[in-house]
Amino acid sequence: MKNWKLKEIVMLSIISVVAGVLYMAFSLLGYGIRNVLTPFGLAPFGFEVIFGLWLIGSIIAAYVIRKPGAALLVGLISAAVEILSGSPGGAKIMLAGLVQGAGVELPFALTKWKNYQKRTLVLAAMSGAVFSFIWQLFAGGNLALAPWLLVSMLVVRLIASSLLGGLLGKWVSDKLAQTGVLGGYALGKEQKKKREDEAI
């Protein structure tokens, strides 16, 4: 992080803390949805339909800051915050955050952290979904589930991650940038330049 500015580290910390606290709320929402779906035999989809919400912090950090490691660090730090907020998952949550953050980071790394278009953000969210899905096959015991159920869960997770991770993450970031609060960050500068070019 030697090339990071202090304000970028501060922003990363803020995103991580907010995401970590929200992830606790998302867990409660997931359990609620699972309870509603249980009578219909669809309990495994309770968390899948909102899975993208656990990736949104990493997506926003990568899109706003645009520095190597932003998505990975938020995945890890937000998991630590989630544990401190009262989650009983312990080290398992830390590993989940690391895996999800690494998955989100990969597409940005492949573009050498130069492409932050909508499709890249969506791809990053989907990558995070796949990484976490593979990890949960073993860590969560999902490997014992029926193949048709696993395929269905993966499809739902990919769709939810695209919408609630990639697209929602971009929308939230763009809205924040429009207020001017991100003027000192890569996204804010990009949008300012775009407005100036449109005004010419």
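- Proximity of Val122 to Leu163: side-chain heavy atoms (C-beta onward) are nowhere separated by under 4.5 Å.
- When all heavy atoms of Ala62 and Phe108 are compared, the closest pair comes out as CB-CE1, 3.5 Å.
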Report the C-alpha separation of Val172 and Ile59 in whole Å, then their side-chain angles, then the decisive distance to 0.1 Å, and conclude whether the side chain to side chain contact (heavy atoms under 4.5 Å, CB included) test is met. CA-CA 10 Å; Val172 170; Ile59 293 292; over 6 Å; no
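- Closest approach of Gly101 and Ser58 over heavy atoms only: CA-OG, 4.2 Å.
- Put simply, the side chain of Val74 reaches to within 4.5 Å of the side chain of Leu12, judged on heavy atoms.
- Summarising the geometry, atom CZ belonging to Arg157 is positioned 11.0 Å from atom CZ belonging to Phe45; distances are rounded to the nearest 0.5 Å.
- No continuous path of ILVMFWY side-chain contacts below 4.5 Å connects Val99 to Leu154, so the two sit in separate hydrophobic clusters.
- Taken to the nearest 0.5 Å, the CG atom of Leu182 stands 9.5 Å off from the CG atom of Asp174.
- No chain of hydrophobic side-chain contacts below 4.5 Å, direct or via other Ile, Leu, Val, Met, Phe, Trp or Tyr residues, connects Leu123 to Val155.
- By the rule that hydrophobic residues join a cluster once side-chain heavy atoms approach within less than 4.5 Å of another member, Met153 and Leu42 end up as members of one cluster.
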What's the verdict on side chain to side chain contact (heavy atoms under 4.5 Å, CB included) for Leu164 and Phe51, showing C-alpha distance, side-chain angles and the deciding distance? CA-CA 8 Å; Leu164 301 178; Phe51 190 83; over 6 Å; no
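- Put simply, CD on Glu190 and NZ on Lys194 are 5.5 Å apart, with the number rounded to the nearest 0.5 Å.
- Linking ILVMFWY residues whenever their side-chain heavy atoms come closer than 4.5 Å, directly or via other members, leaves Ile56 and Leu28 in distinct clusters.
- Considering all non-hydrogen atoms of both residues, Ser173 and Tyr63 come closest at CB-CD2, 3.3 Å.
- Put simply, the side chain of Tyr23 gets close to the backbone of Trp54: a donor and an acceptor are under 3.5 Å apart.
- Here CZ of Arg195 is found 7.5 Å from CD of Gln178. Values are rounded to the nearest 0.5 Å.
- Judged by distance alone, the side chain of Glu105 and the main-chain N or O of Gly69 form a donor-acceptor pair under 3.5 Å.
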Using the side chain to side chain contact (heavy atoms under 4.5 Å, CB included) rule, take Ile65 and Leu187 through it: C-alpha gap first, then chi angles, then the decisive distance, then the call. CA-CA 7 Å; Ile65 301 173; Leu187 175 60; over 6 Å; no
For Tyr116 and Thr111: C-alpha separation, side-chain torsions, deciding distance, then whether side chain to side chain contact (heavy atoms under 4.5 Å, CB included) applies. CA-CA 9 Å; Tyr116 292 88; Thr111 68; 5.9 Å; no
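- At distances below 3.5 Å, at least one donor-acceptor pair connects side-chain atoms of Thr179 with backbone N or O atoms of Leu176.
- Formation of a donor-acceptor pair under 3.5 Å by the Lys192 side chain with backbone atoms of Gly183 is not found in this model.
- Shortest non-hydrogen contact noted between Leu143 and Phe138 is CD2-CE2, 3.8 Å.
- Taking CD1 of Ile50 as the start and OG of Ser27 as the end, the distance is 8.0 Å to the nearest 0.5 Å.
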Under the criterion ring-ring contact (aromatic ring centres under 6.0 Å, His included), I'd like the reasoning laid out for Phe47 against Phe26: C-alpha separation, chi angles, the key distance, then a yes or no. CA-CA 9 Å; Phe47 287 88; Phe26 298 156; over 10 Å; no
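- To the nearest 0.5 Å, atoms OG1 (Thr38) and CZ (Phe40) are separated by 10.0 Å.
- By the rule that hydrophobic residues join a cluster once side-chain heavy atoms approach within less than 4.5 Å of another member, Val104 and Trp135 end up as members of separate clusters.
- Ser127 places a side-chain N or O within donor-acceptor distance of the main-chain N or O of Gly103, the cut-off being under 3.5 Å.
- Residues Leu53 and Leu22 fail the side-chain proximity criterion, which asks for heavy atoms closer than 4.5 Å.
- No donor-acceptor pair closer than 3.5 Å links the side chain of Gln191 to the backbone N or O of Ala177.
- The two atoms that bring Arg34 and Ala43 nearest to each other are CG-O, 3.1 Å, heavy atoms only.
- The two residues Ala125 and Gly166 make their nearest non-hydrogen contact at CB-N, 3.5 Å.
- Lys7 places a side-chain N or O within donor-acceptor distance of the main-chain N or O of Gly184, the cut-off being under 3.5 Å.
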